[in-house]
Undergrad: 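I have a structure I would like to understand better, so I am pasting it below and will then ask my questions one at a time.
Numbers for residues simply follow the sequence, beginning at 1.
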Amino acid sequence: MTSTTAVRLTAFSRGAGCACKLGATDLVGMLASLTPGSHPDLLVGHDTGDDAAVWRRPDGRAIVATTDFFAPIVDDPATWGAIAATNAASDVFAMGGRPLLALNVVAWPRDDLELDVLGDVLRGATEAARSGGWVVAGGHTIDGAEPVYGQAVIGEVDADRMLTNAGARAGQSLVLTKPIGTGLVATAAKRSDVDAVAPGGGLHESYRAAITEMTRHNDVAARVALEVGATAATDVTGFGLLGHLHRLALASGVAATLDAEAVPLLPGAVALLDAGHLSGGSRRNLDFVEPVADGGTEVQRQLLADAQTSGGLLFTCRPGEAADAVARLVDAGHRAAVVGSIVTGEPGRVRLS
């Protein structure tokens, strides 16, 4: 995607994509003081840390509702819009659902950025929605100090087949459907560090790969997960792979092992980490998982805590079906892998091997 507007959007952003999220420690503490909403038809709320809320309809189907937004993660407006839209709808796919429509969520510093740039953002997002099977039907804008874009997405799901954080079972395998490292790439790009190169590639190779993954819908991954009998899923975004796995294991009352060497990485991710491009959000992730994650080297823990934007799905299913799922996803162009297993143990505990 391209834009005719030569503006460095990331200069307006304090963070990099989903690394802008409040830290998990802050959120857990704040939410603990609130009484979760309850209703007989509210099937999934915020108490299990799931990706979206689910509301049961009288016909047996269910509505899935979510929202996600962030400041610029790339400089091209249309690409930013596409990434933000893809990321927002990912929460619906992670529940095993299908997005239907979305509303734009926009804050825009109109005195500092031309509205034509916003037009490019919206066009990129609309094209991403079209390719992913949902419709952008309106939205809301405000004049803000920092540009922010995202979507509130409404979808549907079969209430009897939906995937949540709370469905993992001991003995299952863990499947990851995208490589890790978008937080490192986004931070390096924001800092304009083109010298942080990896052998045979560099930031440009890393950047291209990151854009490919961040604009890849999780629809195929969700379909495969359902077809192989997955019982739990989440998408890997701002809390990093370790943080999201911990939340899934905690909600399911199980522990997990993670094979750090099996986790696919974006090209150049380790070199970018060595060059000092771990974001503030990723450092907060490390602090959050420190009490609940055992083992692994410092480099492995940092990579696995990297705050992802529009990351892949992490789902659980029986080992034989996990191998089948990976084969099918690889055939479809995904860098998927079996990365660990669900075990009995202290709920939420993750051991790196």
Undergrad: Applying side-chain contact (heavy atoms from CB on, under 4.5 Å) to L278 and T187, what does each step give before you reach the verdict?
TA: CA-CA 7 Å; L278 194 70; T187 301; over 6 Å; no

Undergrad: One pair to check against salt bridge (Lys or Arg N to Asp or Glu O under 4.0 Å): R130 and E127. What are the steps and the verdict?
TA: CA-CA 5 Å; R130 184 203 62 75; E127 174 58 24; 2.7 Å; yes

Undergrad: Does the H39 side chain pair with the main chain of D41, one donor and one acceptor, at a distance under 3.5 Å?
TA: yes

Undergrad: So which heavy atom on W80 is nearest to which on A71, and how close?
TA: NE1-O, 3.6 Å

Undergrad: How about V339 and P264: do any of their side-chain heavy atoms sit closer than 4.5 Å?
TA: yes

Undergrad: Does a side chain donor of either S341 or T257 reach within less than 3.5 Å of an acceptor in the other side chain?
TA: yes

Undergrad: Checking one residue: V92. Which other hydrophobic residues are in its cluster under the side-chain 4.5 Å linking rule?
TA: L43, V44, V54, V64, M95, V153, V157, M162

Undergrad: Could you grab the distance from atom CG of L242 to atom CG of L352, nearest 0.5 Å is fine?
TA: 5.5 Å

Undergrad: Check F70 against A84 and note the closest heavy-atom contact, atom names and distance.
TA: CZ-CA, 3.6 Å

Undergrad: In terms of hydrophobic clusters joined by side-chain contacts under 4.5 Å, are L184 and V263 together?
TA: yes

Undergrad: Salt bridge or not for E213 and R216, using N-O below 4.0 Å?
TA: yes

Undergrad: Do the side chain of N285 and the main chain of A305 share a donor and acceptor less than 3.5 angstrom apart?
TA: yes

Undergrad: With rounding to the nearest 0.5 Å, note down the distance linking CG in L304 to CG in L241.
TA: 5.5 Å

Undergrad: Using every non-hydrogen atom in the two residues, find where T66 and A52 come nearest and quote the distance to one decimal.
TA: CB-CB, 3.8 Å

Undergrad: Of all the heavy-atom pairs spanning L174 and A256, show the shortest one and how long it is.
TA: CD1-CB, 4.4 Å

Undergrad: Looking only at side chains, do S90 and N218 share a donor and an acceptor under 3.5 Å apart?
TA: yes

Undergrad: Evaluate the side-chain proximity of S173 to C317: yes if any heavy-atom separation is below 4.5 Å, no if none is.
TA: no

Undergrad: Show me the donor-acceptor pairs, under 3.5 Å and distance only, between side chains in residues 133-141 and residues at least two apart or in other chains.
TA:
residue : atom : partner : partner atom : Å
W134    : NE1  : Q151    : OE1          : 3.1

Undergrad: Grouping I, L, V, M, F, W and Y whenever their side-chain heavy atoms are under 4.5 Å apart, do V148 and I142 come out in a common cluster?
TA: no

Undergrad: Which heavy-atom pair separates L250 from P347 by the least distance, and what is that distance?
TA: CD1-O, 3.6 Å

Undergrad: Would you list the pairs meeting salt bridge (charged side-chain N to carboxylate O under 4.0 Å, His left out) in which at least one residue belongs to residues 320-329, sequence neighbours left out?
TA: E227-R328, R318-E321, D324-R328

Undergrad: Suppose the criterion is salt bridge (charged side-chain N to carboxylate O under 4.0 Å, His left out): which pairs have a residue in residues 334-346, not counting sequence neighbours?
TA: E346-R349

Undergrad: Under the 3.5 angstrom rule, does the side chain of T10 hit a backbone N or O of K190 as a donor-acceptor pair?
TA: no

Undergrad: Please name the pair of heavy atoms, one in A232 and one in N165, separated by the smallest distance, quoted to 0.1 Å.
TA: CB-O, 4.4 Å

Undergrad: Look up atom OG in S131 and atom CG in D219, then write down how far apart they are to the nearest 0.5 Å.
TA: 8.5 Å

Undergrad: Using side-chain contact (heavy atoms from CB on, under 4.5 Å) as the criterion, list what pairs up with L101, not counting sequence neighbours.
TA: I154

Undergrad: For the pair T177 (side chain) and L313 (backbone), establish whether a donor and an acceptor sit closer than 3.5 Å, ignoring hydrogens and angles.
TA: yes

Undergrad: Going by salt bridge (charged side-chain N to carboxylate O under 4.0 Å, His left out), name the pairs with one or both residues in residues 258-283, residues two or more places apart or in two chains.
TA: none

Undergrad: Regarding D120 and R123, does a basic nitrogen lie under 4.0 Å from an acidic carboxylate oxygen?
TA: yes

Undergrad: Test of understanding: clusters of I, L, V, M, F, W, Y form through side-chain heavy atoms closer than 4.5 Å, transitively. Do L265 and L245 belong to the same one?
TA: yes

Undergrad: Between S353 and L258, is any pair of side-chain heavy atoms under 4.5 Å apart?
TA: no

Undergrad: Quick one: does Q172's side chain have a donor or acceptor within less than 3.5 Å of a partner on R169's backbone?
TA: yes

Undergrad: Can you tell me which residue pairs pass the salt bridge (charged side-chain N to carboxylate O under 4.0 Å, His left out) test with a partner in residues 177-186, sequence neighbours excluded?
TA: none

Undergrad: Could you walk me through whether T67 and V105 pass the side-chain contact (heavy atoms from CB on, under 4.5 Å) test, one step at a time?
TA: CA-CA 9 Å; T67 186; V105 178; 4.3 Å; yes

Undergrad: Pair L272, V185 - check side-chain contact (heavy atoms from CB on, under 4.5 Å), show working.
TA: CA-CA 7 Å; L272 293 173; V185 175; 3.7 Å; yes

Undergrad: With a 3.5 Å distance limit and no angle check, can you tell me whether D306 reaches the backbone of G183 through a side-chain donor-acceptor pair?
TA: yes

Undergrad: Within the distance-only criterion (no hydrogens, no angle test), does the side chain of D76 pair as donor or acceptor with the backbone N or O of T79 below 3.5 angstrom?
TA: yes

Undergrad: Identify whether V220 and L226 are in the same connected component of the hydrophobic contact network (ILVMFWY, side-chain heavy atoms under 4.5 Å).
TA: no

Undergrad: Test of understanding: with side-chain contact (heavy atoms from CB on, under 4.5 Å), list the residues that count as partners of A233, not counting sequence neighbours.
TA: L163, F315

Undergrad: Return the set of residues passing side-chain contact (heavy atoms from CB on, under 4.5 Å) with R57 (not counting sequence neighbours), or none when no residue passes.
TA: D59, R61, I63, E156

Undergrad: Identify the residue among T182, D235, T86, T237 that makes a side chain to side chain contact (heavy atoms under 4.5 Å, CB included) with S310.
TA: T86

Undergrad: Output all residues satisfying side chain to side chain donor-acceptor pair (under 3.5 Å) with T164, sequence neighbours left out; order by chain, then residue number.
TA: none

Undergrad: Cluster partners of V343, using ILVMFWY side-chain heavy atoms under 4.5 angstrom, listed by chain and number?
TA: none

Undergrad: Strictly distance-based, threshold 3.5 Å: is any side-chain N or O of T126 a donor or acceptor partner for the main-chain N or O of L122?
TA: yes

Undergrad: Determine whether a donor-acceptor pair (N or O, by modelled atom type, separation under 3.5 Å) exists between the side chain of T215 and the backbone of I83.
TA: no

Undergrad: As a quick check of understanding, evaluate side-chain contact (heavy atoms from CB on, under 4.5 Å) for D143 and W108, giving each step before the final call.
TA: CA-CA 5 Å; D143 186 354; W108 202 256; 5.9 Å; no

Undergrad: Treat each ILVMFWY residue as a node, draw an edge where side-chain heavy atoms are under 4.5 Å apart, and state whether V236 and V175 are in one component.
TA: no

Undergrad: Measure from the ring center of F239 to the ring center of H246 and say whether it is less than 6.0 Å.
TA: no

Undergrad: Can you name the residues that form a salt bridge (charged side-chain N to carboxylate O under 4.0 Å, His left out) with R110, not counting sequence neighbours?
TA: none

Undergrad: Starting from the C-alpha separation in whole Å, work towards a yes-or-no answer on salt bridge (Lys or Arg N to Asp or Glu O under 4.0 Å) for E298 and R301.
TA: CA-CA 5 Å; E298 181 179 2; R301 293 170 74 90; over 6 Å; no

